[in-house]
Amino acid sequence: MSKNKIIDALNAARKEELTSILQYLQHHYLAKGLESPPVADLLKEFSITEMKHAYALAERIVALGGKPETKTDPLKIPGKLTEMIKVNLDLEKRAIASYKEWIKLASNDSTTRLLLEGILADEEEIATKLSSLLEK
Ligand SMILES: [Fe+2]
């Protein structure tokens with residue numbers, strides 16, 4: 001796999017992360033307004049985790065000689081807490097599927113692959129927490 005393809009994959013990942021950061025943070029503030037403090041705290045925690053991912057991806061992109069992406073996808077901001085959890089769970093499911101593909105792409109680049117595997121583990125943990133919130 002060429003270095004440019006790896007950089008493109010890392011930038012696609014970064015776009016997802018930047019979208020997640022903003023979406024979780026906005027949901028955090030809205031959930032506070034809905035007086036759901038435990039969920040609001042969790043959403044802020046997720047946003048911070050995504051920031052760490054966006055940062056780590058940018059560091060790797062720069063190390064490979066690329067330029068980090070700054071764009072995001074459109075945010076989904078529903079008014080109800082259950083809907084917020086659902087749109088975030090969808091986002092995480094898409095991210096998990098994408099990370100699995102990107103990990104395959106990076107099979108010959110151990111540093112990138114290990115980075116992506118670490119992020120994937122975090123996304124799976126967030127998805128599990130979101131799923132259990134929906135069950136409540
Ligand atoms: Fe992430």
Side-chain angles (χ1 to χ4, degrees):
M1 182 55 53
S2 78
K3 205 163 83 172
N4 283 346
K5 286 224 167 129
I6 300 270
I7 291 170
D8 287 348
L10 289 168
N11 261 325
R14 189 165 145 91
K15 190 178 188 183
E16 284 220 37
E17 298 296 346
L18 294 175
T19 306
S20 305
I21 292 168
L22 294 175
Q23 188 165 299
Y24 279 128
L25 202 58
Q26 192 61 18
H27 290 187
H28 158 72
Y29 292 118
L30 292 171
K32 271 173 98 171
L34 296 170
E35 293 183 12
S36 307
V39 180
D41 287 351
L42 205 54
L43 292 167
K44 186 167 85 179
E45 185 191 296
F46 294 160
S47 181
I48 292 167
T49 300
E50 307 296 16
M51 282 176 214
K52 290 175 185 164
H53 295 165
Y55 165 77
L57 289 165
E59 290 290 308
R60 187 66 191 143
I61 290 163
V62 171
L64 290 171
K67 196 171 130 208
E69 171 75 65
T70 56
K71 292 190 197 80
T72 68
D73 289 314
L75 305 185
K76 290 192 176 139
I77 317 279
K80 286 193 180 140
L81 199 60
T82 318
E83 292 305 311
M84 285 180 212
I85 296 165
K86 277 185 191 162
V87 296
N88 289 322
L89 186 56
D90 285 347
L91 191 72
E92 290 299 338
K93 281 181 179 167
R94 275 202 309 279
I96 288 166
S98 300
Y99 272 105
K100 286 179 178 169
E101 290 305 311
W102 295 324
I103 287 166
K104 279 188 219 160
L105 269 179
S107 59
N108 294 325
D109 174 348
S110 307
T111 305
T112 299
R113 182 175 51 79
L114 287 170
L115 167 66
L116 296 174
E117 284 173 349
I119 296 176
L120 173 62
D122 287 346
E123 307 299 2
E124 287 178 338
E125 196 182 325
I126 292 176
T128 303
K129 286 181 182 169
L130 288 168
S131 295
S132 67
L133 280 177
L134 274 184
E135 282 160 20
K136 281 179 198 163

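Computed from a predicted model, the values in this text were never measured in an experiment.
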Inset, instruction - Report the C-alpha distance between Tyr24 and Ile126 in whole Å, list the side-chain angles of each, state the deciding distance to 0.1 Å, and finish with yes or no for side-chain contact (heavy atoms from CB on, under 4.5 Å). - result: CA-CA 11 Å; Tyr24 279 128; Ile126 292 176; 3.4 Å; yes
Enumerate donor-acceptor pairs with a distance under 3.5 Å from any side-chain N or O in residues 81-89 to protein atoms, sequence neighbours excluded.
{"residue": "Asn88", "atom": "OD1", "partner": "Gln23", "partner atom": "NE2", "Å": "2.9"}
{"residue": "Asn88", "atom": "ND2", "partner": "His27", "partner atom": "ND1", "Å": "2.9"}
{"residue": "Asn88", "atom": "ND2", "partner": "Met84", "partner atom": "O", "Å": "3.0"}

Identify every side-chain donor-acceptor pair in residues 69-78 under 3.5 Å, counting partners at least two apart or on other chains, and give the distances.
{"residue": "Glu69", "atom": "OE2", "partner": "Lys71", "partner atom": "N", "Å": "3.0"}

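Residue pairs meeting the salt bridge (Lys or Arg N to Asp or Glu O under 4.0 Å) criterion with at least one partner in residues 30-50, sequence neighbours excluded, are Glu45-Lys129. Judged as a ring pair (Phe, Tyr, Trp, His ring centres under 6.0 Å), not a single pair has a partner in residues 66-90 (not counting sequence neighbours).
Considering all non-hydrogen atoms of both residues, Ala54 and Arg14 come closest at O-NH1, 2.8 Å. Residues Pro68 and Ile61 share a closest heavy-atom pair of N-CG2, 3.8 Å. Smallest separation of non-hydrogen atoms from Leu91 and Ser20: CD2-OG, 3.4 Å. Here the closest non-hydrogen pair linking Arg113 and Ala106 is CB-O, 3.6 Å. Scanning all heavy atoms of the two residues, the minimum distance from Ala127 to Glu92 falls at CB-CB, 4.1 Å.
The distance from the CD1 atom of Ile6 to the CG atom of Asn108 is 8.0 Å, given to the nearest 0.5 Å. In this structure, CD1 on Ile103 lies 9.5 Å from CG on Leu114, to the nearest 0.5 angstrom. If you take CG on Leu43 and OG on Ser36, they are separated by 9.0 Å, rounding to the nearest 0.5 Å. Here CD of Glu123 is found 10.5 Å from CZ of Phe46. Values are rounded to the nearest 0.5 Å. For the atom pair OG1 of Thr112 and CG of Leu57, the computed distance is 9.5 Å after rounding to the nearest 0.5 Å.
Considering only residues two or more places apart in sequence or on other chains, Glu59 meets the side chain to side chain donor-acceptor pair (under 3.5 Å) condition with none of them. Contacts of Glu124 classified as side chain to side chain contact (heavy atoms under 4.5 Å, CB included), with partners at least two apart in sequence or in another chain: Ile96, Lys100, Leu120. Residues that satisfy the side chain to side chain donor-acceptor pair (under 3.5 Å) test with Ser47, not counting sequence neighbours, are absent from this structure. The side chain to side chain donor-acceptor pair (under 3.5 Å) test applied to Lys93 returns no partner, not counting sequence neighbours. Here Thr111 pairs with Arg60, Asp109 under the side chain to side chain contact (heavy atoms under 4.5 Å, CB included) rule; sequence neighbours left out. Residues satisfying the side chain to side chain donor-acceptor pair (under 3.5 Å) test with Glu17, not counting sequence neighbours, are His53, Tyr99. For Lys52, there are no salt bridge (Lys or Arg N to Asp or Glu O under 4.0 Å) partners at least two apart in sequence or on another chain.
Residues Leu42 and Ile21 fall into different hydrophobic clusters, defined by Ile, Leu, Val, Met, Phe, Trp and Tyr side chains chained together at heavy-atom separations under 4.5 Å. Both Leu18 and Met51 sit in one connected hydrophobic cluster of ILVMFWY residues. Membership requires side-chain heavy atoms under 4.5 Å apart, directly or through other members. With hydrophobic clusters built from ILVMFWY side chains whose heavy atoms lie under 4.5 angstrom apart, Leu22 does not share a cluster with Ile119.
Other members of the cluster containing Leu25 are Tyr29, with ILVMFWY side chains joined at under 4.5 Å, either directly or via other members.
For the pair Leu116/Leu105, no side-chain contact is recorded, criterion being any heavy-atom separation below 4.5 Å from C-beta on.
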